[in-house]
Amino acid sequence: MINNFNLNDYSLWTALVTPFDQHGDVDYSTLTKLVREQEAAHNGILLLGSTGEGLALTQKEQQAIVEHVCKLKPTVPLMVAVGGSNLKQQIEWVNFCNTLPIHSFLLGSPLYAKPGALGQTHWFESLLNASAHPCMLYNVPGRSAVSIPTATIQNLQNNKNLWALKEASGSIAQFEAYRQAAPNLAIFSGDDALMPYFAQAGAKGLVSVAANAWPVQTHEFVKRSLSGQYPNLFTQWSSAINSLFAVANPIPVKVLMHLQGRLSSPQLRPPLTHLELTQTDCITTANNTILSWH
């Protein structure tokens, strides 16, 4: 139990988008509304992940966003992303967040440098030891250029702050390798589309992009996936998810949320731009399909 939350009670974590106004500044009023929506759906909230464009924000903006959400005192747990390539800076970020009423960290593998098992063990161990909260590691080779080696997971599996792993390589074989390397580690799907398969393989839940657009429906889908009740919805789900990744995430989901009237602007931080999504028929169709579930 951490601050009255048992993190294992939350099978869905929403990788929350960061809303911007038409001038490109953080829209704190809309951020408050988004937090309340996730709270109402009983979804855990991840701040400043790749979907939240965390690395495109200044340090002051990152700090202000976490402080703002903490002041809202949501009734669901908060996770904060840690990412980059400078270990000293990331430890400073962890130390800053340790002073706030958050509940977990998402620790990304270092970007660009492509370290091996020993380098990643040192990176994660340093962050785990600095943390005052349970941590979820993040395997996302599509962004970091390398996977977290199974040897690194084995090296870290007894660390008191290692709680979970977000697996976003898109590979069931990689999922199984991690599960064998650390049988007691909670593994979450990092791919919305693969949630039904990961559930069958023993996943504990999902860290989701789609839950931004469909908080209640995604919660229900994860619940059904984990209980084996998904088949009649899977085809619709897969098609809807594909529409959210037609171009780089989080472009489609922010455009959709703007069309839904839930974001005042579809603005993203450079180098991403909503202008990359040249047609919106697919996300509109997906939205109508998923919202028809409830």
Side-chain angles (χ1 to χ4, degrees), residues 1-15 42-46 49 76-83 90 94 97-98 102-110 115-141 144 146-192 194-208 219 222-228:
M1 297 286 290
I2 302 296
N3 290 7
N4 298 320
F5 290 112
N6 183 342
L7 301 184
N8 289 318
D9 289 343
Y10 292 83
S11 56
L12 174 59
W13 291 79
T14 303
H42 306 292
N43 301 333
I45 296 172
L46 166 63
V76 295
L78 299 176
M79 184 185 301
V80 176
V82 179
Q90 300 318 310
V94 168
C97 292
N98 280 340
I102 69 164
H103 310 99
S104 182
F105 289 105
L106 179 73
L107 306 181
S109 48
L118 291 179
Q120 291 201 46
T121 297
H122 175 67
W123 170 270
F124 285 120
E125 190 169 48
S126 299
L127 295 172
L128 287 165
N129 291 342
S131 173
H133 306 291
C135 297
M136 178 185 287
L137 306 191
Y138 184 15
N139 183 55
V140 58
S144 64
V146 291
S147 289
I148 300 174
T150 54
T152 295
I153 298 297
Q154 288 176 319
N155 293 342
L156 299 170
Q157 63 180 320
N158 294 320
N159 190 292
K160 64 181 179 64
N161 283 332
L162 178 56
W163 157 57
L165 171 69
K166 176 185 176 184
E167 160 49 21
S169 71
S171 168
I172 296 292
Q174 183 69 73
F175 177 97
E176 292 288 359
Y178 288 141
R179 198 166 69 146
Q180 291 179 19
N184 296 321
L185 186 65
I187 305 182
F188 287 70
S189 174
D191 291 287
D192 283 273
L194 293 180
M195 181 58 204
Y197 298 114
F198 275 50
Q200 287 184 321
K204 299 299 182 183
L206 171 68
V207 181
S208 176
H219 184 101
V222 171
K223 182 179 176 181
R224 292 192 183 197
S225 294
L226 292 173
S227 64

Participant: Heavy atoms, side chains only, cut-off 4.5 Å: are R224 and P196 in contact?
Facilitator: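 The answer is no, as the side chains (C-beta and beyond) never meet within the 4.5 Å cut-off.
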Participant: Sequence neighbours excluded, which residues qualify as side chain to side chain contact (heavy atoms under 4.5 Å, CB included) partners of T150?
Facilitator: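 For T150, the residues satisfying side chain to side chain contact (heavy atoms under 4.5 Å, CB included) (neighbours in sequence not counted) are Q174, A177, Y178, A181.
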Participant: Might you confirm whether atom CD1 of I172 has over 12 heavy atoms from other residues, nucleotides or ligands at distances under 6.0 Å?
Facilitator: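 Atom CD1 in I172 is crowded, with more than 12 foreign heavy atoms closer than 6.0 Å.
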Participant: Using side chain to side chain contact (heavy atoms under 4.5 Å, CB included), reason through V76 and N43 one step at a time and then give a plain yes or no.
Facilitator: CA-CA 7 Å; V76 295; N43 301 333; over 6 Å; no
Participant: Could you list the residues that satisfy side chain to side chain contact (heavy atoms under 4.5 Å, CB included) with D191, not counting sequence neighbours?
Facilitator: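 Per chain and number, D191 pairs via side chain to side chain contact (heavy atoms under 4.5 Å, CB included) with A168, S189, L194.
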Participant: Are any of the side-chain heavy atoms of M136 and V207 separated by less than 4.5 Å?
Facilitator: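 Of all side-chain heavy-atom pairs linking V207 with M136, at least one is under 4.5 Å.
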Participant: The criterion is side chain to side chain contact (heavy atoms under 4.5 Å, CB included); which residues satisfy it with P115, sequence neighbours excluded?
Facilitator: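 Once residues adjacent in sequence are excluded, the partners of P115 under the side chain to side chain contact (heavy atoms under 4.5 Å, CB included) criterion are P110, A113, Q120, V146.
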Participant: Roughly how far, to the nearest 0.5 Å, is the CG atom of L106 from the CZ atom of F188?
Facilitator: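 Separation between the atoms: 11.0 Å.
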Participant: What I'd like to find out is whether the side chain of L137 reaches to under 4.5 Å of the side chain of T152, using heavy atoms alone.
Facilitator: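 No. Closest side-chain heavy atoms not under 4.5 Å.
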Participant: So does G108 get a backbone contact from the side chain of W123, meaning a donor-acceptor N/O pair under 3.5 Å?
Facilitator: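 Indeed, once roles are kept as given, a pair shorter than 3.5 Å links the two residues.
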Participant: Hey, could you give me the CG/NE2 distance between D9 and H42, rounded to the nearest 0.5 Å?
Facilitator: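 Between D9 CG and H42 NE2, I get 12.5 Å after rounding to 0.5 Å.
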Participant: Kindly indicate whether the side chain of N139, heavy atoms from C-beta on, has any atom under 4.5 Å from the side chain of I153.
Facilitator: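 No - every pair of side-chain heavy atoms lies 4.5 Å or more apart.
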Participant: N159: what forms a side-chain hydrogen bond (donor to acceptor under 3.5 Å, both in side chains) with it, not counting sequence neighbours?
Facilitator: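 Applying side-chain hydrogen bond (donor to acceptor under 3.5 Å, both in side chains) to N159 gives N129.
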Participant: Tell me every residue that passes ring-ring contact (aromatic ring centres under 6.0 Å, His included) with F175, counting only those two or more places apart in sequence or in another chain.
Facilitator: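 Result, ring-ring contact (aromatic ring centres under 6.0 Å, His included) vs F175: F198.
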Participant: Going by side chain to side chain contact (heavy atoms under 4.5 Å, CB included), name the residues that satisfy it together with S11, two or more places apart in sequence or in a different chain.
Facilitator: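 S11 satisfies side chain to side chain contact (heavy atoms under 4.5 Å, CB included) with V222, L226 once adjacent residues are dropped.
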Participant: Measure the CG-CG distance between L185 and L156 for me, rounded to the nearest 0.5 Å.
Facilitator: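 Here the rounded value is 9.5 Å.
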Participant: Distance-only, no hydrogens or angles: does the S131 side chain make a donor-acceptor pair with backbone N or O of L127 under 3.5 Å?
Facilitator: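 Side chain of S131 to backbone of L127: no pair is present.
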Participant: Distance check, rounded to the nearest 0.5 Å: I45 atom CD1 versus I102 atom CD1?
Facilitator: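 The CD1 atom of I45 sits 13.0 Å away from the CD1 atom of I102.
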Participant: For the OG atom of S104 and the CH2 atom of W13, what is their distance to the nearest 0.5 Å?
Facilitator: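 Result: 5.5 Å between the selected atoms.
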Participant: For the pair N98 (side chain) and A130 (backbone), establish whether a donor and an acceptor sit closer than 3.5 Å, ignoring hydrogens and angles.
Facilitator: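 Looks like yes, one N/O pair under 3.5 Å.
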Participant: In chain order, what residues pass the side-chain hydrogen bond (donor to acceptor under 3.5 Å, both in side chains) check against W163, with sequence neighbours excluded?
Facilitator: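 With sequence neighbours excluded, W163 shows a side-chain hydrogen bond (donor to acceptor under 3.5 Å, both in side chains) to N8, given in chain and number order.
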Participant: Would you mind reporting whether L7 and H103 have side-chain heavy atoms less than 4.5 Å apart?
Facilitator: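 Of all side-chain heavy-atom pairs linking L7 with H103, at least one is under 4.5 Å.
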Participant: Applying salt bridge (Lys or Arg N to Asp or Glu O under 4.0 Å), name anything that partners E176, two or more places apart in sequence or on another chain.
Facilitator: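 Result, salt bridge (Lys or Arg N to Asp or Glu O under 4.0 Å) vs E176: R179.
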Participant: Using atom types as modelled and distance alone, determine if a side-chain donor or acceptor of D192 lies under 3.5 Å from a backbone N or O of S208.
Facilitator: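 It does not hold such a pair.
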Participant: Is any side-chain heavy atom of S109 closer than 4.5 Å to one of F124?
Facilitator: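 Result yes, sub-4.5 Å side-chain heavy-atom pair found.
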Participant: So which pairs with a foot in residues 146-168 pass salt bridge (charged side-chain N to carboxylate O under 4.0 Å, His left out), sequence neighbours left out?
Facilitator: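 Sorted result for residues 146-168: empty, none.
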Participant: Measure up the Y10 and F5 rings against each other and bin them: parallel (under 30°), tilted (30 to 60°), perpendicular (over 60°).
Facilitator: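 It falls in the perpendicular class, over 60°.
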